[in-house]
Amino acid sequence: MAGADGDDSLYPIAVLIDELRNEDVQLRLNSIKKLSTIALALGVERTRTELLPFLTDTIYDEDEVLLALAEQLGNFTMLVGGPEYVHCLLPPLESLATVEETVVRDKAVESLRKISQEHSPVDLEVHFEPLVKRLASGDWFTSRTSACGLFSVCYPRVSSTVKAEIRQHFRTLCSDDTPMVRRAAASKLGEFAKVLELDYVKSDIISLFTALASDEQDSVRLLAVEACVSIATLLPQEDLESLVMPTLRQAAEDKSWRVRYMVADKFSELQKAVGPEITKNDLVPAFQNLLKDCEAEVRAAAANKVKEFCENLPEENREQIIMTHILPCVKELVSDTNQHVKSALASVIMGLSTILGKDNTIEHLLPLFLAQLKDECPEVRLNIISNLDCVNEVIGIRQLSQSLLPAIVELAEDAKWRVRLAIIEYMPLLAGQLGVEFFDEKLNTLCMAWLIDHVYAIREAATCNLMKLVEKFGAEWAQNTIVPKVLGMANDPNYLHRMTTLFCINALSEACGQDITTKQMLPVVLKMSNDQVANVRFNVAKSLQKIGPVLDSNALQTEVKPVLEKLATDTDMDVKYFAQEAISGTRFTLASLHISTKSDLPF
Amino acid sequence: MAGVAGGNDFQWCFSQVKGAIDEDVAEADIISTVEFNYSGELLATGDKGGRVVIFQHEQESKNRPHLRGEYNVYSTFQSHEPEFDYLKSLEIEEKINKIRWLPQQNAAHFLLSTNDKTIKLWKISERDKRAEGYNLKDEDGRLRDPFRITSLRVCSLRPVPFVNRAVYSFTYNVVLKRVSYFQVPVLMPMDLMVEASPRRIFANAHTYHINSISVNSDHETYLSADDLRINLWHLEITDRSFNIVDIKPANMEELTEVITAAECHPLQCNVFVYSSSKGTIRLCDTRAAALCDRQAKFFEEPEDPSSRSFFSEIISSISDVKFSHSGRYMMTRDYLSVKVWDLNMENRPVETYQVHEYLRSKLCSLYENDCIFDKFECCWNGSDSAIMTGSYNNFFRMFDRNTRRDITLEASRESSKPRATLKPRKVSTGGKRKKDEISVDSLDFNKKILHTAWHPKDNVIAVAATNNLYIFQDKIN
């Protein structure tokens, strides 16, 4: 191993080390990602004494390199000699925790949190905790924001004197001059509260929470809402009213819509955190207000939560609360001026039917569904249609079919192709719920019309839709309703429509089975091999290859093969190419068919 | 003669002038924006050639106590390049329209610079260490024979283990050590190097020309305004911004006014203002709604019907709006005057200062040579007690808000001797021209001072006169 032979295996490592500072970022990044290899080659001692000091000062690099470095160092404990030496990793991570790029800082903090667990209690107080303090009292806000994320990992494992210091540091950061630090503190408030003793939660955290929740900066106040969830879960029920609710009430009525938006967005979590009693007395009126908020963004966020909020209401008076308090607001939202609000509501409103049961759904919700089905905004109608399954379980879709149909027809013919595409995707679901009869009567024509849409994406989706319908209704249904229409298009003067026939056959052959494919589809495909448009002819070749596995071997040999051979001598280059592709592809299938028949033979 | 700044009497004196002295000025060298950072330690200028030059304040030296610190070039970089929008067949100039510093967050400095379409976030940082020591090449970059060099390193760097050993085992040890020894780079001090690197590029959000950018007091967002829209950005997110004001009418024929400037309140994160070409200012509250199409306050001074003329509308257009540092007032500049508004009073300004009233009779010729559309900016001093704005003939004006005294000074090469006191200038307004007065007709309208900046704490001002940047300070007696 020793001697010149060794150099060969070590040469790559020498390259890696040199490339730690190559001019090419990619090479530097590559070296940093293999930092463990370098450290392994250097051994623990030199990693500690030479590599880490070098890395500590390498904070000039590009973000992606620093990000990779921050991540690597989180897994470096064994490479510096195990937990005994883990504190050696603190200096480079400390310098990374002060860079201006948030992602790098966050990663450094994440790695610091990780290696904090590998510190012995003594090391934690001797090495880790001083680092946290240094960061917390750093000159630049970047280091102070990083400190916010480290308090909660060291707090549970240090002596009570140090604990008091940590609490003091956190308090200081909560009233920092710069909004960035206050935001960082506010976002870690809940996490820090979780590791604090309950008495301190009541004495310290609540006052900080109250202060942050009335900060002059909107961006700080809205983060306090998130903290509110964690704090409320920590406190005993009897303290919630006095310690948390005043702040929460204030947040729900904040002057800034962004704060109210946050309350609406976190409403389900808040509801779970404060429990049923407060929900009934406080959150219900608050939720009503949010649903009636003057800012559309807030109403939309609240509308999104309607179903979840109702679901989580205490069961004994759920129905009564919904009927008297929530439903009137929901009714107003159905005719909101903002389409985002309506479409947010439409995406959840159907879910209310399972909560309210059949009678209430028919009497109160059905008119709303119907109104939304007629909404001028296609997104609203789509959201209703996409959630039909909830209603189906409660009252059956038939109740809706009268209004459903015009809504579907209108969407199917919408001027925006993306809307048409979206409704096509719901067709199989609708077909399943409405049944074959209704489908044949009302929707079949639509499905066929999409096949000749002028947008390719729609035609493509339409063929895929046909396949799903056949899977649902069976081959016999296909033979009677779809196949004749599809095959009829083979004679269409527009070559794009003729190609659609081929695409449909590609999609349907498997679902329709050998019989229909061989007897009805194959002749049409073969006939089209004489089409005057080359695009059609090479698609014939592609189709033949595609449906080959479905056909019986006799038809393959006697009918498909001659046609493909003829196409292989076509004047058009592409037709030739695809015909040859198909020949080699089909031969392969022939062989595999042969084998499978053989193995089926009884011995 | 008393200077103007915070009521204390003192005189302004010349400190430095930057830029070439040549008579014919290259278009690209014309300064298009001037801005001090929050501490006043750095001063940035942008020019029509898309360059940003940053000057750093050097500490006053002990040898020359009479001299206050000077500003010397700290970093120069090309912020924007000329571009061509092929879709719209439009040339996009590289001219820097605005520079705004971010509050300092770590040892590096950050600024936003914008041309008509694209805003860039730049980091200006210092580097004073360089890594040394390669395994595969020497410091001159020549490749080494990997085998030989590693063994050399061993002998020179790690002699100790071998000294104590018997000679016969020596070779063995060398071989062993040689293969396992790598040179880890070490950082060595080097000459200070200042680097400017683009950190983020905020593009494709403005259909019209960007006239303002302003960093919010929450330190995480900023706004950018063009002729018809204002967008709100997050400093870390470049692929989306929120439109917070849109005054574009459905039918462009109905367009009657454009946005001329916009600024965030220095303390309240939810308040911003924008001025219009109709001479009005709207104050909006982002708390009230996501789209601020309805203002919270509307500042407008009723027009005096007696002074109405063909040019009334043009000269009432606001070219700049600036909040005072305290956040209580804002100042607007129109063609002939500067007005200070109390945010609590919407119907008229609390103070109005005439900048160059003598031009009122010249509006016709100023219209013909397009000077009437010049966009003069204005600025506050650190304590909000004085304001400064520019005029023609390289004159600039200062107004003391307490004493109501005003002064006209000139940025010129003639008075650019070290510590030379600036002499006040006067333009004759009456029929007879007094001694030392300059007649209106002899004013040079090609020499205009559009951009000025006042140090946030001290009486140091930076005045951009075409391609020259003049720095003046108060005289220490």
Side-chain angles (χ1 to χ4, degrees), chain A residues 1-11 13-18 20-21 38 41-43 46-47 49-51 53-54 56-58 60 62-63 98-103 138-143 145 178-180 183 216-220 254-259 261 294-298, chain B residues 102-108 110 123 125-137 144-151 172-187 193 195 197 199 216-221 234-236 267-270 285-291:
Chain A
M1 173 69 215
D5 300 342
D7 272 5
D8 289 343
S9 63
L10 293 167
Y11 181 78
I13 294 170
V15 173
L16 273 185
I17 296 177
D18 283 1
L20 276 174
R21 55 213 176 87
I38 296 174
L42 289 172
R46 296 196 61 209
T47 300
T49 56
E50 293 179 48
L51 184 62
F54 171 69
T56 304
D57 287 328
T58 329
Y60 300 112
E62 302 283 329
D63 305 331
T98 60
V99 302
E100 70 279 355
E101 201 55 54
T102 315
V103 279
D139 282 344
W140 305 118
F141 91 86
T142 45
S143 86
T145 51
T178 63
M180 286 84 115
R183 276 198 292 277
E216 56 174 22
Q217 294 279 343
D218 301 356
S219 52
V220 177
D254 197 280
K255 266 190 162 181
S256 168
W257 68 268
R258 287 164 69 196
V259 178
Y261 173 91
C294 59
E295 172 55 43
E297 299 276 352
V298 179
Chain B
L102 264 56
Q104 198 172 1
Q105 46 184 343
N106 60 8
F110 289 82
K123 175 187 179 181
S125 55
E126 294 181 357
R127 180 186 286 212
D128 58 0
K129 281 187 194 138
R130 190 164 59 94
E132 280 180 8
Y134 283 100
N135 289 296
L136 303 175
K137 55 185 176 186
R144 283 176 181 144
D145 168 16
F147 182 79
R148 236 193 66 231
I149 296 307
T150 33
S151 69
Y172 176 75
N173 267 309
V174 168
V175 173
L176 235 184
K177 288 293 173 184
R178 172 175 69 199
V179 293
S180 63
Y181 196 84
F182 296 109
Q183 166 82 31
V184 175
V186 275
L187 290 163
M193 197 166 84
E195 294 175 315
S197 48
R199 302 296 291 189
N216 192 290
S217 62
D218 65 10
H219 298 188
E220 71 173 355
T221 56
H234 192 287
L235 279 164
E236 296 192 347
L267 308 169
Q268 286 165 286
C269 63
N270 51 295
D285 186 342
T286 54
R287 292 181 303 186
L291 185 66

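A, B, ... follow the sequence lines: proteins, then strands. Residue 1 opens every chain.
With sequence neighbours excluded, no residue forms a salt bridge (Lys or Arg N to Asp or Glu O under 4.0 Å) with A:Glu62. Applying the side-chain hydrogen bond (donor to acceptor under 3.5 Å, both in side chains) criterion to A:Ser256, with sequence neighbours excluded, gives A:Asp218.
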Working for side chain to side chain contact (heavy atoms under 4.5 Å, CB included), residues B:Val184 and A:Arg46: CA-CA 9 Å; B:Val184 175; A:Arg46 296 196 61 209; 4.0 Å; yes
Could you walk me through whether A:Glu216 and B:Cys269 satisfy the side chain to side chain contact (heavy atoms under 4.5 Å, CB included) test, starting with their C-alpha distance in whole Å, then the side-chain angles of each, then the deciding distance to 0.1 Å, before giving a yes or no? CA-CA 8 Å; A:Glu216 56 174 22; B:Cys269 63; over 6 Å; no
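Residue with the most contacts toward chain A among B:Lys123, B:Gln268, B:Glu195, B:Arg127: B:Arg127 (heavy-atom pairs, distance under 4.5 Å). Heavy-atom pairs under 4.5 Å with chain B were tallied for A:Lys255, A:Glu295, A:Glu100, A:Glu297; the largest tally goes to A:Glu100. Counting heavy-atom pairs under 4.5 Å between each of B:Leu267, B:Asn270, B:Thr286 and chain A puts B:Thr286 at the top. Contact tally against chain B (heavy-atom pairs below 4.5 Å) for A:Val15, A:Val259, A:Thr145, A:Asp57: the top residue is A:Asp57.
Looking at A:Val298, neither its backbone nor its side chain comes within 4.5 Å of chain B, counting heavy atoms on both sides. Looking at A:Thr102, both its backbone and its side chain come within 4.5 Å of chain B, counting heavy atoms on both sides. Neither the backbone nor the side chain of B:Thr221 comes within less than 4.5 Å of any heavy atom in chain A. If you measure heavy-atom distances from B:Glu236 to chain A, the contacts under 4.5 Å come from the side chain alone. If you measure heavy-atom distances from B:Ala289 to chain A, the contacts under 4.5 Å come from both the backbone and the side chain. Within the 4.5 angstrom heavy-atom criterion, atoms from both the backbone and the side chain of B:Gln104 approach chain A.
Formation of a donor-acceptor pair under 3.5 Å by the B:Arg287 side chain with backbone atoms of A:Arg258 is not found in this model. Looking only at distances, no side-chain donor or acceptor of A:Trp140 sits under 3.5 Å from a matching main-chain atom of B:Ala108.
Between A:Arg21 and B:Pro185, the closest heavy-atom pair is NE-CB, 3.3 Å. Looking at every heavy atom in both residues, B:Ala131 comes nearest to A:Phe54 through CB-CE1, 3.8 Å. Nearest approach of A:Val99 to B:Asn106, heavy atoms of both residues: C-ND2, 3.8 Å. The two residues A:Pro179 and B:Asp218 come nearest to each other via the heavy atoms CG-O, 3.6 Å.
Ion pairing of A:Asp63 with B:Arg199 is present here, as a side-chain N (NZ or NE/NH1/NH2) and a carboxylate O approach within less than 4.0 Å.
For A:Phe141, the CZ atom sits in a packed shell: over 12 heavy atoms of surrounding residues, nucleotides or ligands are nearer than 6.0 Å.
One distance of note links CG of A:Asp139 with CD of B:Gln105; it measures 14.0 Å at 0.5 Å rounding.
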